[in-house]
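Here's the structure we're looking at; comments come further down.
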Protein chains: 2
Amino acid sequence: MTKGRVTVIDIAKAAGVSKSTVSLVLQGSSLVNDATRAKVNSVMRDLGYVYNRGAANLRQSGSNSKIIGVVVNDLTNSFFAELAVGVDMVVQSAGFVQFLSNTSENLDRQREVIASMREHGISGLILSPARGTEASDLKPLVASGIPVVVAVRNVPGAKVSSIASDNRQGVFAAVQHLVSLGHSRIAFLGGFRDTAVFHERLEGYRAAARSCLLGHDEDLVVDSAPSRAGGAEAIGRALSIGSKPTAAVCFNDAVAFGACDGLRAKGIEPGKEFAVVGFDDVIEAKTAVPALTTISVDPQGMGRRAAQLLLKQISAGKAEAETIVSSVRLVVRESCGTGNGSTLGRKQA
Amino acid sequence: MTKGRVTVIDIAKAAGVSKSTVSLVLQGSSLVNDATRAKVNSVMRDLGYVYNRGAANLRQSGSNSKIIGVVVNDLTNSFFAELAVGVDMVVQSAGFVQFLSNTSENLDRQREVIASMREHGISGLILSPARGTEASDLKPLVASGIPVVVAVRNVPGAKVSSIASDNRQGVFAAVQHLVSLGHSRIAFLGGFRDTAVFHERLEGYRAAARSCLLGHDEDLVVDSAPSRAGGAEAIGRALSIGSKPTAAVCFNDAVAFGACDGLRAKGIEPGKEFAVVGFDDVIEAKTAVPALTTISVDPQGMGRRAAQLLLKQISAGKAEAETIVSSVRLVVRESCGTGNGSTLGRKQA
DNA sequence: CTGTTAGCGCTTTCAC
DNA sequence: GTGAAAGCGCTAACAG
């Protein structure tokens, strides 16, 4: 039965050296005699010493607590679980530990959780924000100089680093895929024209059209609400034009589902007679439509990249916000394509 | 731009009181004048004070760090992700935060992670152990008086609390379910007779047989290796007896899969001509066979219970190890049954 | 290379 | 009710 905690002073006494020597050993300093170090280490083992990071951290008076906060909006969704796993991998191998919390899309919860992490002195935060998160929610954190990287979703006005999927590349690849399946009239369906994301994706569509086809018809670009209903409406309009499309890439999966609805209503079987690809945003619906090819990001890879970015910022002291883009892959469901998904875009680091 | 961290002393100065008064306010002590408290609180808000739990914890010299370690063997598996979510719920609402790490079934990783958590002064640990975890791995932790609860899997010799699924109740319910489907000759397949789990499950089978049928034939109990191959073998033996069974409840899902294999080999369609139910242990395979009804535990519920148990032990100072049992439910796949799963056994608290 | 001396930010007696 | 002082376990200057 050990009497209370064993401290550096205990082991100093037992090893016949002073506190600071022990401290040096703990930090792997080269200023200490090998024999002494060995002695100290063995005493530590014998007495069952455990390092008190809290105390060390307090003294160092900076937040190098070696703890990284990770806050996700829905851990129940395997996308975010995988994201957390990716983060954990790099965080662990950098000698940090991960504080992980789930907000369940609850802003109050998110605030609490972030506050709590701050009290514990996290060195940095990776946040997959709850819906409705605003820049002001992150204000105090960034003001205090704690590096933050926002993943998956954007927080509009926030001056923080973020990582999002490669919209342009994803749609580009989708179009290529459809072309390789023999389509030449491919529609771009859904999304509001006044959003940045819409333009990034549309840009991917146009670029692919330029590079794969002879050109494309702007009539094939049909905007709509980025919802299932919007998709149904959009496919209707797309099919009413002169030379009908035989395939569509959709702004997101909700639109894609809607497009499928619309096709079925017209007696067209999606996936067989008309190819549909959707960007995989509304991830809750991920497994719903097997006939659908989706453009998906690799969550673990995204987690790893987010963590790397954060660690970089932590070690760099203070770097300015940076937005990076995560690779994206086409996931082909059913036996209607090649393998299980080919990785595109930049390589994972 | 704030100059360094703002501390109690800053806010004491600004509020015109002393450090200790501030401290009392922080702890919500009733020994402080309401006016003073209000003043102090407002100053804290103005200066953007953040409580330093590390320092507090250091002074209190006990591990009431308000942090709970959670270590799971595979966060990629949604079962464990849900478990973590369940834990997080109660942990958060008790004002604790969760350190979550993933071991990927790697014992070294697990050791590292637990060590790291210890250094950070966790108040307790919930562990879903990696395969091969031994009592000795937990020895130092429990010796240091940190409450540990082991979930999902057992660690043989360890004197720690644990939470596992309700074997008896689960099999009982499975048999009831089969009876309600009209079966009267139901086999119990697979598992080694020399394990405690086997007997718990078999006991559920016998009890159900007693209560639902007139009695049962011990010939219908066929042990085997708890594996897919074992299941195939067991079903063969079960079908060779005088009055053949028309359904089986299996020791686990691996056995159940094997039984399905065996049935198909004999030209019998599992799920249609012969009902198979399996205890959902080999959770990796969860989604593999849609024809199968499984006995599953509710992972979130299990997480919540684990957390409750841990918190109880933490507040109780030191209680002896306790094993509790988590409710279990039947998950009926396909459209071959009623709803999506009915909850059985004890209610979740 | 090793020992001494101050604190990090907080809580906690114990006086006032 | 509120203030002064001591100290949790550790690290960071400096001396030796």
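Both backbone and side-chain heavy atoms feed into the values below; hydrogens, waters and symmetry mates do not. As the structure is a prediction and not an experimental result, all values here were calculated from the model. Below, chains carry the letters A, B, ... as their sequence lines are ordered, and counting in each starts from 1.
When rounded to the nearest whole Å, the span between CD of A:Gln60 and C1' of D:dG9 equals 12 Å. What separates NZ of A:Lys19 from P of D:dA12 is a distance of 13 Å, to the nearest Å. Summarising the geometry, the separation between NZ on A:Lys13 and C1' on C:dT4 is reported as 15 Å, rounded to the nearest angstrom. The distance between atom CZ of A:Arg5 and atom P of D:dC10, rounded to the nearest whole Å, is 7 Å. Here the P atom of nucleotide C:dT2 and the CG atom of A:Leu24 are 9 Å apart, to the nearest Å. The interatomic distance linking A:Arg37 (CZ) with C:dC1 (P) rounds to 10 Å, in whole Å. When the C1' atom of C:dT11 is taken as reference, atom CG of B:Asn57 falls 11 Å away, rounded to whole Å. Residue A:Leu26 contributes atom CG, which lies 14 Å from atom P of D:dG9 at whole-angstrom precision.
A:Asn102 and A:Ser104 share a donor-acceptor pair across their side chains, judged by distance under 3.5 Å alone. For the residue pair A:Ser128/A:Asn73, the side-chain donor-acceptor check at 3.5 Å is satisfied. Under the 3.5 Å distance criterion, with hydrogens and angles disregarded, a donor-acceptor pair is assigned to the side chains of B:Ser23 and B:Gln27. B:Ser144 and B:Arg118 share a side-chain donor-acceptor pair at under 3.5 Å. A donor-acceptor contact closer than 3.5 angstrom links the side chains of B:Gln110 and B:Thr133.
Rounding to the nearest 0.5 angstrom, the gap separating the CD1 atom in B:Ile68 from the CD atom in B:Gln98 is 9.0 Å.
Within the nucleic acid shown, A:Thr21 comes within 4.0 Å of sugar-phosphate atoms alone, with no base atom in reach, counting heavy atoms only. In this structure, A:Ile9 reaches neither bases nor backbone, as no heavy-atom distance under 4.0 Å exists between it and the strands shown. The residue B:Val22 sits apart from the nucleic acid: no heavy atom pair falls under 4.0 Å.
For B:Leu58, counting side-chain heavy atoms from C-beta on, the closest listed nucleotide (C:dT2, D:dC8, C:dT5) is D:dC8. Checked against C:dT5, D:dC8, C:dC1, the side chain of A:Asn33 finds its nearest nucleotide in C:dC1. Looking at the side chain of A:Thr7, the nearest of the listed nucleotides D:dT2, D:dG9, C:dC10 is D:dG9. The listed nucleotides are C:dC8, C:dG3, C:dT11; the one nearest the side chain of A:Arg59 is C:dC8. With C:dT11, D:dC10, C:dG3 as the candidates, the nucleotide lying closest to the side chain of A:Tyr51 is D:dC10.
Of the residues near DNA chain D, B:Val32 and A:Ser20, the one whose nearest nucleotide (by heavy atom distance) lies more toward the 5' end is B:Val32. Positionally, the nearest nucleotide of DNA chain C for B:Gly54 lies more toward the 5' end than for the other of B:Gln27 and B:Gly54.
The base of D:dA12 does not come close enough to the side chain of A:Ser23 for any donor and acceptor atom to sit less than 3.5 Å apart. Residue side chain B:Thr36 does not reach the base of D:dT2 through any donor-acceptor N/O pair under 3.5 Å, judged by distance alone.
Contact check, A:Ser18 against C:dG3: a side-chain N or O comes under 4.0 Å of OP1 or OP2.
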